[in-house]
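Presented below is the structure to which this report refers.
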Amino acid sequence: MRSFLRSLFSSPPSAAAGDWKPFALTAAQAKRHAQWVAGRIYRNWLGPYYKAYHLHRGGAGRRHGLRAEPLREDGRQGAMLFYDDDDFGGSGNFRHFYEYVGEQMVSLGYHRASADECTRRHESLREHTFKQLFKPPPTDCPDSGRCNQRYGLVTLDLVSLNGQPLFIRVAVNPVLEPGFTPATPFEDLLRTVFDAPPPTPEEREKRLAYTSL
């Protein structure tokens, strides 16, 4: 059990084939991102993605606005948040949004175990992926009793093709080993992070200032 915990909390994420390397915002990008967060620009998309996800689950599909769908992968729960250039007004806002969702995982008590990026080439196509892995803090594992895994392990991906964003993927992997509490359902995580008030007219207008990172 203890060897499993050591690998859970200290090992890097297993990654698909590719040249993965750490990434981080530059000082200038971090300052601009802080301004984006302070301006609550994220409220332009939190609620709409949350609504789109539940409309899709209810069978309504996408009629207008943002597109979000449940993740269809065995053993993982999550959501696919698809990029819409008309709504985001440029890739910069989408990247800021990606960083913001990761910051919310930290605010929920997770620690960021890794942040890596990778570029793969497929003939004339260039696929770029940012990947973050979040783990429950090891302080939640006492010497006796069960470890609080919260929502499980959380991965956050941003995938682009030829420089154009495609989607953000939020996925949770519950730990099924003995000694862990049952994972809280993914829908609770989605509600906690995405169920937010709509933007004000000022916040809606400000998004146009962040079309690039």
Side-chain angles (χ1 to χ4, degrees), residues 12-13 15 18-53 65-68 78-120 126-135 137 154-171 189-213:
D19 184 17
W20 290 88
K21 59 183 180 180
F23 78 86
L25 297 179
T26 66
Q29 289 172 338
K31 180 179 179 180
R32 185 166 174 78
H33 178 67
Q35 294 170 344
W36 186 92
V37 173
R40 300 193 298 190
I41 313 301
Y42 50 83
R43 298 214 302 187
N44 285 284
W45 305 288
L46 286 176
Y49 270 134
Y50 184 71
K51 179 179 179 181
Y53 174 88
L66 294 175
R67 175 186 168 201
M80 302 285 290
L81 312 176
F82 293 91
Y83 176 72
D84 187 312
D85 193 64
D86 290 337
D87 208 294
F88 276 87
S91 60
N93 274 311
F94 201 58
R95 176 67 190 279
H96 283 297
F97 190 76
Y98 171 74
E99 295 292 337
Y100 173 80
V101 175
E103 290 162 358
Q104 295 312 293
M105 295 310 307
V106 175
S107 74
L108 291 176
Y110 277 77
H111 76 277
R112 186 182 284 104
S114 62
D116 299 287
E117 62 180 322
C118 177
T119 299
R120 301 184 184 90
R126 179 172 54 86
E127 174 192 337
H128 189 88
T129 302
F130 292 102
K131 180 181 291 290
Q132 298 181 68
L133 172 65
F134 299 90
K135 297 180 179 181
V154 179
T155 55
L156 183 64
D157 301 330
L158 168 56
V159 179
S160 301
L161 194 64
N162 290 346
Q164 178 74 0
L166 293 180
F167 57 80
I168 291 171
R169 176 173 50 222
V170 187
L189 171 61
L190 198 70
R191 180 175 62 253
T192 300
V193 175
F194 284 83
D195 190 8
T200 64
E202 182 183 14
E203 291 162 356
R204 185 70 179 166
E205 181 67 24
K206 279 183 177 180
R207 84 191 197 286
L208 301 177
Y210 295 91
T211 56
S212 62
L213 184 60

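What you see is a predicted model; the values in this text were computed from it and never measured.
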Working to the nearest 0.5 Å, report the span between [atom1] of [X] and [atom2] of [Y].
X: Lys135; Y: Thr155; atom1: NZ; atom2: OG1; value: 12.0 Å
X: Met105; Y: Leu133; atom1: CE; atom2: CG; value: 10.5 Å
X: Asp19; Y: Arg120; atom1: CG; atom2: CZ; value: 10.5 Å

* Check whether the ring centres of Phe134 and His111 lie less than 6.0 Å apart, and answer yes or no. => no

* To do: Step by step, work out the salt bridge (Lys or Arg N to Asp or Glu O under 4.0 Å) result for Glu203 and Arg207.
  => CA-CA 7 Å; Glu203 291 162 356; Arg207 84 191 197 286; over 6 Å; no

For a quick test of reading the model, state the closest non-hydrogen atom pair linking [X] to [Y] and the distance between them.
X: Thr211; Y: Gly89; result: CG2-O, 2.8 Å
X: Arg112; Y: Glu103; result: NH2-N, 4.0 Å
X: Gln132; Y: Asp157; result: N-OD1, 4.5 Å
X: Arg32; Y: Ser212; result: NE-O, 3.5 Å
X: Asp84; Y: Leu66; result: CB-CD2, 3.9 Å

* Asked: Stepwise, does the side-chain hydrogen bond (donor to acceptor under 3.5 Å, both in side chains) test hold for His128 with Gln164?
  -> CA-CA 9 Å; His128 189 88; Gln164 178 74 0; over 6 Å; no

Side chains of [X] and [Y]: closer than 4.5 Å at any heavy-atom pair?
X: Glu202; Y: Arg40; value: no
X: Asn93; Y: Ile41; value: yes
X: Glu117; Y: Trp20; value: no
X: Arg204; Y: Pro201; value: no
X: Leu189; Y: Phe194; value: no
X: Tyr83; Y: Leu158; value: no
X: Leu161; Y: Arg126; value: no
X: Thr200; Y: Arg43; value: yes

* To do: Compute both the distance and the angle, then confirm whether Arg95 meets the cation-pi test with Phe130: under 6.0 Å from the six-membered ring centre, within 45 degrees of the axis.
  => yes

Given 3.5 Å as the limit, does a donor-acceptor pair link the side chain of [X] with the main chain of [Y], or not?
X: Tyr98; Y: Leu156; answer: yes
X: Tyr49; Y: Phe82; answer: yes
X: Ser160; Y: Gly163; answer: no
X: Asp195; Y: Thr192; answer: no
X: Gln104; Y: Val101; answer: no

* Apply side-chain contact (heavy atoms from CB on, under 4.5 Å) to Val170 and Val193, showing your working. => CA-CA 11 Å; Val170 187; Val193 175; over 6 Å; no

* Asked: Is the Phe97 ring parallel, tilted or perpendicular to the Phe88 ring (thresholds 30°, 60°)?
  -> perpendicular

* Checking side-chain contact (heavy atoms from CB on, under 4.5 Å) for the pair Trp36/Tyr42: CA distance, chi angles, key distance, verdict? -> CA-CA 8 Å; Trp36 186 92; Tyr42 50 83; 3.4 Å; yes

* Take Asp116 and Lys131, measure what salt bridge (Lys or Arg N to Asp or Glu O under 4.0 Å) needs, and give me the verdict at the end. => CA-CA 5 Å; Asp116 299 287; Lys131 180 181 291 290; over 6 Å; no

* Using the side-chain contact (heavy atoms from CB on, under 4.5 Å) rule, take Leu46 and Tyr100 through it: C-alpha gap first, then chi angles, then the decisive distance, then the call. => CA-CA 10 Å; Leu46 286 176; Tyr100 173 80; 4.0 Å; yes

